[in-house]
Asks: 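Okay, here's the structure, questions in a sec.
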2 protein chains.
Amino acid sequence: MANEGIHREWASRIRGHEESGHLVESVVEILDCAALCFTEMGFQGTSIDDVARRLGATKGRIYHYFRSKTDLFFEVHREGMTRLMDAVTAAMDAGGTGREKLQRMVEAHALTMMQNVAYEAVVVQGVHLHRLSATTPEQRVILNELMDVRHQFEQLFVQVFHEGQADGSVRETADTSLAVKGILGAVNWMAIWYRPRADESPETQKAMAVEVAGLQIKGVT
Amino acid sequence: MANEGIHREWASRIRGHEESGHLVESVVEILDCAALCFTEMGFQGTSIDDVARRLGATKGRIYHYFRSKTDLFFEVHREGMTRLMDAVTAAMDAGGTGREKLQRMVEAHALTMMQNVAYEAVVVQGVHLHRLSATTPEQRVILNELMDVRHQFEQLFVQVFHEGQADGSVRETADTSLAVKGILGAVNWMAIWYRPRADESPETQKAMAVEVAGLQIKGVT
DNA sequence: GTCTATATCGTGATAGAC
DNA sequence: GTCTATCACGATATAGAC
């Protein structure tokens, strides 16, 4: 995995509450509830009490693990980005022509959006908050990291796009960045409208991801 | 304009502050400032004082025209949707094959996003707030209207998509709704990343709109 | 590690002068 | 029609018991 090093370093470091590289269960529970709340009600629309209530606890529990509401939001965002990065880098590293890689990457992106709607909806929300509520200098650092990773994420697609143009599997375009932003927009938008159905099978999800990716890739080949 | 009647009725009715079908200047000023604030800081992140400060006034002025912060947000949203609807219906009513109409509609959509970033970023934000902060019954009515209009907007594209499939200018797809959501997502996403440059000419904007639309339409033809 | 207070403050909304 | 108070309330964050 060529790009693992790029993002692994910034994952999982909430006040040191981790063991063997994984977040402890208590933290995951909190993040899950927070993701749902933020997704349904927005950052500022969610109170810590809301998250606590959903957790079946009180704020004491949350403030034991997270310094502030902003830190909590950032951590959910970070986790969402990590899952996207993992999925897309894996798809990217499996070889093939530029076009084949691109198709797989977009599929992976779409599938991850569907399988982690709550987290990814927070990531999409986070795009809005440019520097909002980054009060402490420490938070600014984290915010900058998150923005960097989003940029790196986009660059993965740009890079493979160019590979594809080099090997002739992807069409020449007026503006590569614009083309990539279009593709990523189409997929990111899924966080807005996609909600899993009760009876939805993994096969159906996969089929949707392939369909969405196919339409986008067709546009650039 | 076949669809004018669909949305004209819900435009411009802020406490009756309108003359000859247009909003009075005072209201437009407030909406402009509010749009900028909401775009930069989000709905809950924006205080009425923020809007007032930007306006060079105090809240008294705002509360004279709008009952509540929520009403203000809704009105910005409504204005943004109106501009989108106007542009897209005009593009749609100019005739041609399904594919040609679709291309023009997406171009118009994209161009409107660029020319009204603040308003349209609020529209995009508004998609998140499903029923958030719709406290009074009157607000619920307005929110429902806004959601209806968003749905109608999407249906315009679905409809022309089918026209195109009927006349053979648009490819058959597994799921029309999915294909349209992809296109709209790609264009809506512009509200996130696009910010006009100081020296950007209308021609450059138009060229970008055509490029974005072209890539999307190529995917479905 | 989780709870129950509680301090503290920002913000939405109103009342009333001008 | 716009301003200057001012109220009322909810939410973040903390302190300290258990």
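Throughout, a chain's letter reflects where its sequence line sits, starting with A, and its residues are numbered from 1.
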Asks: OP1 or OP2 of C/dT2 versus the side-chain N and O atoms of A/H64: is any pair under 4.0 Å?
Replies: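 Looking at the OP1 and OP2 atoms of C/dT2, neither is under 4.0 Å from any side-chain N or O of A/H64.
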Asks: What is the separation between atom CZ on B/F66 and atom P on D/dT2, rounded to the nearest whole Å?
Replies: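 That distance rounds to 12 Å.
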Asks: Figure out the CG/C1' separation between B/D50 and C/dG12, and round it to whole Å.
Replies: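 Checked: the CG to C1' distance equals 12 Å.
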Asks: With rounding to the nearest 0.5 angstrom, report the CG to CG distance, A/L156 to A/L184.
Replies: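 Answer for the CG-CG pair, A/L156 versus A/L184, is 10.0 Å.
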Asks: Please encode protein proximity along nucleotides 12-18 of chain D as a string of B, S and -, counting only heavy-atom distances under 4.0 Å.
Replies: BBB----
Asks: Just to verify, which of A/V51, A/V122, A/L72, A/L36 counts as forming a side-chain contact (heavy atoms from CB on, under 4.5 Å) with A/L31?
Replies: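 Per the side-chain contact (heavy atoms from CB on, under 4.5 Å) rule, the option paired with A/L31 is A/L72, out of A/V51, A/V122, A/L72, A/L36.
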Asks: Can you find a heavy atom in the side chain of B/E145 that is under 4.5 Å from one in the side chain of B/V141?
Replies: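 They are in side-chain contact.
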Asks: Over how many whole Å does the gap from B/R53 atom CZ to C/dG10 atom P extend?
Replies: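 Going from B/R53 (CZ) to C/dG10 (P), I get 12 Å.
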Asks: Quickly work out the A/I62 CD1 to C/dC3 C1' distance and round it to whole Å.
Replies: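 Whole-Å distance recorded here is 13 Å.
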Asks: Would you say the rings of A/H109 and A/F153 are close, in the sense that their centroids are separated by under 6.0 Å?
Replies: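 That pair passes the under 6.0 Å test.
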Asks: So, is A/T58 close to the C/dC3 phosphate, meaning a side-chain N or O under 4.0 Å from OP1 or OP2?
Replies: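 For C/dC3, OP1 or OP2 has a side-chain N or O of A/T58 closer than 4.0 Å.
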Asks: With rounding to the nearest 0.5 Å, note down the distance linking CE in A/M190 to CZ in A/R195.
Replies: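 Answer rounded to 0.5 Å: 11.0 Å.
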Asks: Working to the nearest 0.5 Å, report the span between CD of B/E75 and CZ of B/F66.
Replies: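 Taking CD in B/E75 and CZ in B/F66, the distance rounds to 6.0 Å.
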